[in-house]
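Step one of this worksheet: look at the structure below.
Because the structure is a prediction, the values reported are computed rather than measured. Atom set for the values below is all heavy atoms of this structure, side chains included, hydrogens, waters and symmetry mates excluded.
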Amino acid sequence: MSESVLTSARYGKDLIRVFRVVRDAEFHQVVEYNVTVHIEGDIETSYTIADNSVVVATDSMKNITYYLAKTSPHILSPERFALHVGTHIVSKYAHIHRAFVTLEKLRWSRIALSENDHPHPHSFVRDGNDRQTVEVEVDASAGKDKLSAKVTSGITDLLVLKSSGSAFHGYIHDEYTTLPQVDDRVLSTSVDLNYTFAPLSLSSPTDDKKLDFTVPKGFALGGVWDAVNVATRARNATLDIFALDASASVQATLFKMGQRVIAENSGVESVTYKLPNKHYIPVDMKYIGVDNTTPANAEVFVPVSAPSGLISATISRK
């Protein structure tokens, strides 16, 4: 066996489902997360010589997540909560050097009552299947007093459609081309957006149980500590550009989305979009003398999920 060596190792707990109610008298706020926690460190002997003395049980990672969901004042901010979990783990266990915390935030919006449009204090509706995403790496490899972090946030499965305002023509035509050029078409995609913040330094916990987590005062807008507002601006930028852009192609519209996210959020270093085409093909009714294929008359479509185009790009700050 001397010809093989362990070159990397990471493990953790997947699909930790968390729902938290934050009560302020009769006014409640709720949040639901799917959380994954992984760790790296001096754990190689658990693989190479079956030494479990270095293993932090994945069940413990689950329990840490639930405990901090109960006690952390940052539970309503997915980025801050993920950073809190990661900071606690690398600070508590001397031999653990990196913690990776990823989560999805599911949508719950407060119900507005029809009779007066007043928001109900403790009733909510799932108003979409898109989810906010967060990926956090907390790094203690330089020392437990020199913590650093990387944070990438985003949106996944944001389904959008416009029935006009999109063209596609001028592309290469050769012997393989069957796609007709169009001046107007249905454009639909399921947005997958990730935006990466500038790396940051974290304050190390000073309490015995390593549970403290400090958010700096006077932080700049548009960065990690302003992530709740960044998420709102990124979603609005995506939807606004999609709706308002006279799209010459998915590529061109994607670039404008990324430009706006960068421009509106000073702490975001790069933005990546993945936009799969959701095709809607006009039904050919020429066999009964009905024009349903020219753009002005196309009204009945067949949704086609595959095969589909997949357009992606990363836009970075200069």
Side-chain angles (χ1 to χ4, degrees), residues 6-22 30-44 46-47 52 54-93 95-108 126 128-141 147-158 190-197 199-200 202 205 210-211 213 224 227-228 230-231 234 270 272 274:
L6 182 72
T7 54
S8 67
R10 178 188 299 185
Y11 74 96
K13 199 70 163 181
D14 196 14
L15 297 176
I16 307 169
R17 300 196 63 185
V18 179
F19 182 82
R20 170 71 195 275
V21 180
V22 179
V30 300
V31 69
E32 184 172 355
Y33 296 137
N34 296 324
V35 184
T36 298
V37 179
H38 286 99
I39 59 174
E40 293 180 356
D42 300 329
I43 57 175
E44 61 275 4
S46 66
Y47 293 82
N52 287 341
V54 299
V55 174
V56 179
T58 66
D59 189 66
S60 300
M61 300 179 201
K62 175 201 69 179
N63 293 335
I64 287 169
T65 302
Y66 286 139
Y67 180 73
L68 289 177
K70 173 70 172 179
T71 61
S72 175
H74 310 292
I75 184 63
L76 294 176
S77 166
E79 287 85 0
R80 294 185 186 187
F81 178 64
L83 286 166
H84 194 174
V85 172
T87 297
H88 174 63
I89 290 173
V90 299
S91 300
K92 179 175 176 61
Y93 301 104
H95 68 297
I96 300 302
H97 305 315
R98 291 185 181 88
F100 304 85
V101 182
T102 65
L103 60 80
E104 292 182 328
K105 180 184 177 183
L106 281 65
R107 290 182 65 83
W108 286 111
R126 174 70 52 79
N129 292 323
D130 57 294
R131 302 172 307 284
Q132 187 178 346
T133 60
V134 173
E135 299 177 9
V136 161
E137 176 187 341
V138 179
D139 189 345
S141 58
L147 302 184
S148 61
K150 300 175 183 177
V151 180
T152 296
S153 299
I155 307 169
T156 189
D157 290 341
L158 178 61
S190 181
V191 177
D192 187 354
L193 161 65
N194 288 300
Y195 45 92
T196 298
F197 293 97
L200 67 153
L202 299 174
K210 308 301 181 184
L211 290 168
F213 183 75
V224 170
V228 170
V230 174
S270 65
T272 297
K274 295 180 181 178

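Annotation: side chain to side chain donor-acceptor pair (under 3.5 Å) contacts of Glu40 (sequence neighbours excluded): Arg10. Applying the side-chain contact (heavy atoms from CB on, under 4.5 Å) rule to Ser8 yields no partners; only residues at least two apart in sequence or on another chain are considered. Not counting sequence neighbours, the partners of Val55 by the side-chain contact (heavy atoms from CB on, under 4.5 Å) test are Tyr11, Ser46, Asn52. Under the salt bridge (charged side-chain N to carboxylate O under 4.0 Å, His left out) criterion, Lys62 pairs with Asp59, not counting sequence neighbours. Not counting sequence neighbours, the partners of Asp42 by the side chain to side chain donor-acceptor pair (under 3.5 Å) test are His97. Every residue meeting the ring pair (Phe, Tyr, Trp, His ring centres under 6.0 Å) condition with His84, not counting sequence neighbours, appears here in chain and number order: His74, Phe213. For Ser153, the side chain to side chain donor-acceptor pair (under 3.5 Å) partners are Glu79, not counting sequence neighbours. Residues satisfying the side chain to side chain donor-acceptor pair (under 3.5 Å) criterion with Glu44, sequence neighbours excluded, are absent altogether. For Ser148, the side-chain contact (heavy atoms from CB on, under 4.5 Å) partners are Asp139, not counting sequence neighbours.
A heavy-atom distance below 4.5 Å is found between the side chains of Ile16 and Tyr66. Considering only heavy atoms from C-beta on, Leu200 comes within 4.5 Å of Val151 through its side chain. Under the 4.5 Å side-chain criterion, counting only non-hydrogen atoms from C-beta, Ile96 is in contact with Ile43. At a threshold of 4.5 Å between non-hydrogen side-chain atoms, the residues Leu158 and Leu193 do not count as touching. At least one side-chain heavy atom of Asn194 sits under 4.5 Å from a side-chain heavy atom of Thr133.
Judged as a salt bridge (Lys or Arg N to Asp or Glu O under 4.0 Å), the pairs with a partner in residues 30-39 (not counting sequence neighbours) are, in order, Arg17-Glu32, Glu32-Arg126. For residues 128-137, the pairs satisfying salt bridge (Lys or Arg N to Asp or Glu O under 4.0 Å) are Arg98-Glu137, Glu104-Arg131, Arg107-Asp130, Asp130-Arg235, Arg131-Asp157, with sequence neighbours left out.
Put simply, NZ on Lys92 and OG on Ser60 are 9.0 Å apart, with the number rounded to the nearest 0.5 Å. To the nearest 0.5 Å, atom OG of residue Ser141 and atom CG of residue Leu147 are 10.0 Å apart. The CG atom of Leu106 lies 10.5 Å from the CZ atom of Phe19; values are rounded to the nearest 0.5 Å. The distance from the CD1 atom of Ile89 to the NE2 atom of His38 is 11.0 Å, given to the nearest 0.5 Å. Atom CD1 of Ile64 is separated from atom OH of Tyr93 by 4.0 Å, given to the nearest 0.5 angstrom.
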### Message
Is there a side-chain contact (heavy atoms from CB on, under 4.5 Å) between Val31 and Val18? Walk through the geometry before answering.
### Response
CA-CA 8 Å; Val31 69; Val18 179; over 6 Å; no

### Message
Show, in sequence, the C-alpha distance, side-chain angles and deciding distance for Arg80 and Val228, and conclude whether the side-chain contact (heavy atoms from CB on, under 4.5 Å) test is met.
### Response
CA-CA 10 Å; Arg80 294 185 186 187; Val228 170; over 6 Å; no

### Task
For the pair Leu211 and Tyr67, evaluate side-chain contact (heavy atoms from CB on, under 4.5 Å) and give the outcome as yes or no after the intermediate values.
CA-CA 10 Å; Leu211 290 168; Tyr67 180 73; 3.9 Å; yes

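Few gaps surround NZ on Lys210; more than 12 heavy atoms of other groups in view lie less than 6.0 Å from it.
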